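In what follows, a single structure is set out as structure tokens and then discussed.
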There are 2 protein chains.
Amino acid sequence: MKTVNRMHRALVVEDQNLMRLALMDQISTAFENTAVLGAQTLEIALYELAKENFDLVIIDPGLPGFDPTSQDDRLSVVHRIIEASPAALHVVITGSDNMTEAEQFRGLGAVAYLGKTGLEPGMLGDVLDDISTSGFSIRLSKVTMTVPDYFHSALTPREQEVITLMARREPGMSRTQIYEQVAGKLGIDRDSAEKYFKKARAKIMKSDHKLPVGI
Amino acid sequence: MKTVNRMHRALVVEDQNLMRLALMDQISTAFENTAVLGAQTLEIALYELAKENFDLVIIDPGLPGFDPTSQDDRLSVVHRIIEASPAALHVVITGSDNMTEAEQFRGLGAVAYLGKTGLEPGMLGDVLDDISTSGFSIRLSKVTMTVPDYFHSALTPREQEVITLMARREPGMSRTQIYEQVAGKLGIDRDSAEKYFKKARAKIMKSDHKLPVGI
DNA sequence: CCAAATAGGGACAGCTCCATCCCTTTTTTT
DNA sequence: AAAAAAAGGGATGGAGCTGTCCCTATTTGG
């Protein structure tokens with residue numbers, strides 16, 4: 001909680017544009033009144049770190065200009081960023097994660113090591129909780145999905161949320177019970193949850209004539 | 001254009017959750033009335049492909065359960081998905097892209113091969129244009145960023161857009177000219193663009209006291 | 001059979017964002 | 001000095017999303 005209140009400036013160092021923007025969006029959504037910068041290269045990152053102070057820096061060590069198979073290169077990227085921003089919290093995110101590397105980055109001063117596979121939206125709060133509790137957060141990649149994701153472009157955000165929650169419910173409950181549960185999770189009325197679900201399903205049926213799994 | 005109008009059902013096969021959701025969001029935003037499914041594993045993907053028809057399938061061949069260093073494994077993933085959905089357009093997206101692999105996937109029937117680095121939001125339209133023009137679209141990874149991304153959680157979407165466009169303007173233009181240009185790109189009035197910019201800058205100054213590069 | 005659950009709607013207030021038009025004051029340019 | 005640019009506002013209408021409450025049929029389960 002202390003950490004959360006002090007999060008006023010963050011930097012994401014990641015070369016893949018969509019991933020960088022997704023991470024920036026995660027931070028931007030998680031904290032109010034926070035500026036989030038994004039750098040595609042180490043040069044841009046170091047330039048920004050030299051100019052201003054940051055509270056949080058997220059690093060993917062596989063950057064352009066470095067050998068992705070060289071462990072020295074990966075360590076060097078993280079080391080230089082940590083040196084350039086000693087006051088910040090440093091979170092390493094990678095697609096090819098393993099325990100050995102986690103320990104190496106921890107040795108350099110990183111406070112978290114996260115595998116990209118299985119990294120959920122909204123994970124940032126949990127990770128920061130880990131950090132303030134135990135000083136370090138590690139989440140290695142793992143496969144958890146059993147049911148496909150489902151988006152539909154005709155749905156409003158609320159409708160989309162309700163559909164997603166409904167699709168992931170445990171089987172064997174009545175609709176009424178599920179509405180109650182979904183309403184609880186979203187902090188709205190049972191009636192409203194039911195309404196959003198019915199509206200969403202009607203839209204999907206109209207355009208697609210096929211409902212997603214679990215609906 | 002033909003392709004675009006027929007896009008009613010799409011599938012994204014990608015194990016990294018944030019990337020999969022970002023790609024799904026891209027499709028969802030690009031097409032109206034489109035259902036977009038997401039699969040983390042080949043099993044889920046093949047199950048969905050067996051159940052229903054899809055118009056577009058996006059594939060990251062580096063999936064859980066396969067050896068990321070084995071070219072045979074990567075080819076096998078794409079091959080099995082294409083076999084399971086012969087009527088769809090197949091787009092391969094990968095972090096470790098090269099020309100040789102692009103040709104291999106093209107041989108299997110893929111219509112596009114995209115490197116994750118440098119893959120911009122909004123790229124989908126361009127890629128589909130390439131495909132309907134020349135039958136194949138290839139975009140290898142490249143670094144293009146010179147100025148960092150900048151998000152601020154206090155900004156509305158419109159304000160954020162205007163700030164992003166302002167930050168990427170060519171230098172040497174007067175504010176008035178830039179407002180005109182931004183207004184053109186967003187399809188709004190010069191006055192409105194100016195208003196959004198001033199409002200955004202005021203919010204940033206209030207919370208941060210530091211403006212992003214180029215503002 | 002009766003009660004609950006389900007499908008499928010309408011009406012409404014509150015809110016935020018979008019977009020436009022308007023205003024004053026200060027600074028810069030010509 | 002006059003004109004243009006820039007900073008910093010206010011007022012307003014429209015649109016879409018949110019959330020609540022309400023309604024009528026039809027189906028299902030005990």
Side-chain angles (χ1 to χ4, degrees), chain A residues 25 28-29 31-34 151-167 169-212 214-215, chain B residues 25 28-29 31-34 151-167 169-212 214-215:
Chain A
D25 185 63
S28 192
T29 306
F31 306 109
E32 297 190 350
N33 251 283
T34 299
F151 282 8
H152 197 290
S153 46
L155 304 185
T156 69
R158 232 343 169 227
E159 289 164 356
Q160 182 66 61
E161 274 185 291
V162 172
I163 288 290
T164 301
L165 286 175
M166 295 289 287
R169 73 182 194 271
E170 314 95 63
M173 298 176 70
S174 75
R175 285 275 146 105
T176 324
Q177 287 175 297
I178 301 166
Y179 292 146
E180 202 82 50
Q181 189 181 306
V182 168
K185 282 185 189 171
L186 297 179
I188 60 178
D189 261 30
R190 199 209 72 102
D191 268 10
S192 303
E194 183 175 346
K195 178 110 184 126
Y196 289 131
F197 173 74
K198 288 178 179 175
K199 186 76 180 165
R201 187 178 49 184
K203 284 184 182 179
I204 292 170
M205 284 304 291
K206 190 175 174 184
S207 103
D208 203 34
H209 306 290
K210 281 163 193 167
L211 292 173
I215 303 296
Chain B
D25 185 64
S28 193
T29 305
F31 306 109
E32 296 190 350
N33 251 284
T34 299
F151 281 9
H152 197 290
S153 47
L155 304 185
T156 69
R158 239 328 176 237
E159 288 164 357
Q160 181 67 60
E161 274 185 290
V162 172
I163 287 290
T164 301
L165 286 175
M166 295 290 286
R169 73 181 195 272
E170 313 94 64
M173 299 175 72
S174 75
R175 284 275 146 106
T176 325
Q177 287 174 297
I178 302 166
Y179 293 146
E180 202 83 49
Q181 188 181 307
V182 168
K185 283 185 191 172
L186 297 179
I188 59 177
D189 262 30
R190 201 208 71 100
D191 268 10
S192 303
E194 182 175 347
K195 178 113 185 119
Y196 289 131
F197 173 73
K198 289 178 178 176
K199 187 74 180 165
R201 187 178 49 184
K203 284 184 182 178
I204 293 170
M205 284 303 292
K206 189 175 175 183
S207 102
D208 203 35
H209 306 291
K210 282 164 195 168
L211 292 173
I215 305 295

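If you're wondering where the values come from, they're calculated on a predicted model, not measured in any experiment. Letters go in sequence order (proteins before strands), and every chain restarts at 1.
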* **Sidechain-backbone polar pair: B:Arg201 side chain, B:Lys198 backbone, donor-acceptor under 3.5 Å** => no
* When rounded to the nearest 0.5 angstrom, what is the spacing between CZ in A:Arg190 and CD1 in A:Ile178? -> 11.5 Å
* Structure fact -> Winner on side-chain proximity to B:Asp191, out of D:dA7, D:dT18, C:dC21, is C:dC21
* Has A:Arg201 got a side-chain N or O lying under 4.0 Å from the OP1 or OP2 atom of C:dG8? -> yes
* Pick base, sugar-phosphate or nothing for B:Tyr179, based on heavy-atom distances below 4.0 Å to the nucleic acid. => sugar-phosphate
* Nearest whole angstrom, please: distance from the P of C:dA4 to the CD of A:Glu180. => 15 Å
* Is any side-chain N or O of A:Lys195 under 3.5 Å from a base N or O of C:dG10, one able to act as donor and the other as acceptor? -> yes
* Does B:Ser192 place a side-chain N or O at less than 4.0 Å from the phosphate oxygens OP1/OP2 of C:dC18? -> no
* To do: Verify, without hydrogens or angle tests, whether B:Ser153 (side chain) and A:Asn33 (backbone) share a donor-acceptor contact under 3.5 angstrom.
  => yes
* Structure fact -> The nucleotide from D:dT20, C:dT20, C:dC18 with an atom nearest the side chain of B:Arg158 is C:dC18
* To do: Kindly say if B:Thr176 contacts the phosphate of D:dA4, meaning a side-chain N or O under 4.0 Å from OP1 or OP2.
  => no
* To do: Using only side-chain N and O atoms of B:Arg175, determine if any of them is under 4.0 Å from OP1 or OP2 of D:dA4.
  => no
* Asked: Taking only side-chain nitrogens and oxygens of B:Tyr196, does any of them come within less than 4.0 Å of OP1 or OP2 of C:dC18?
  -> no
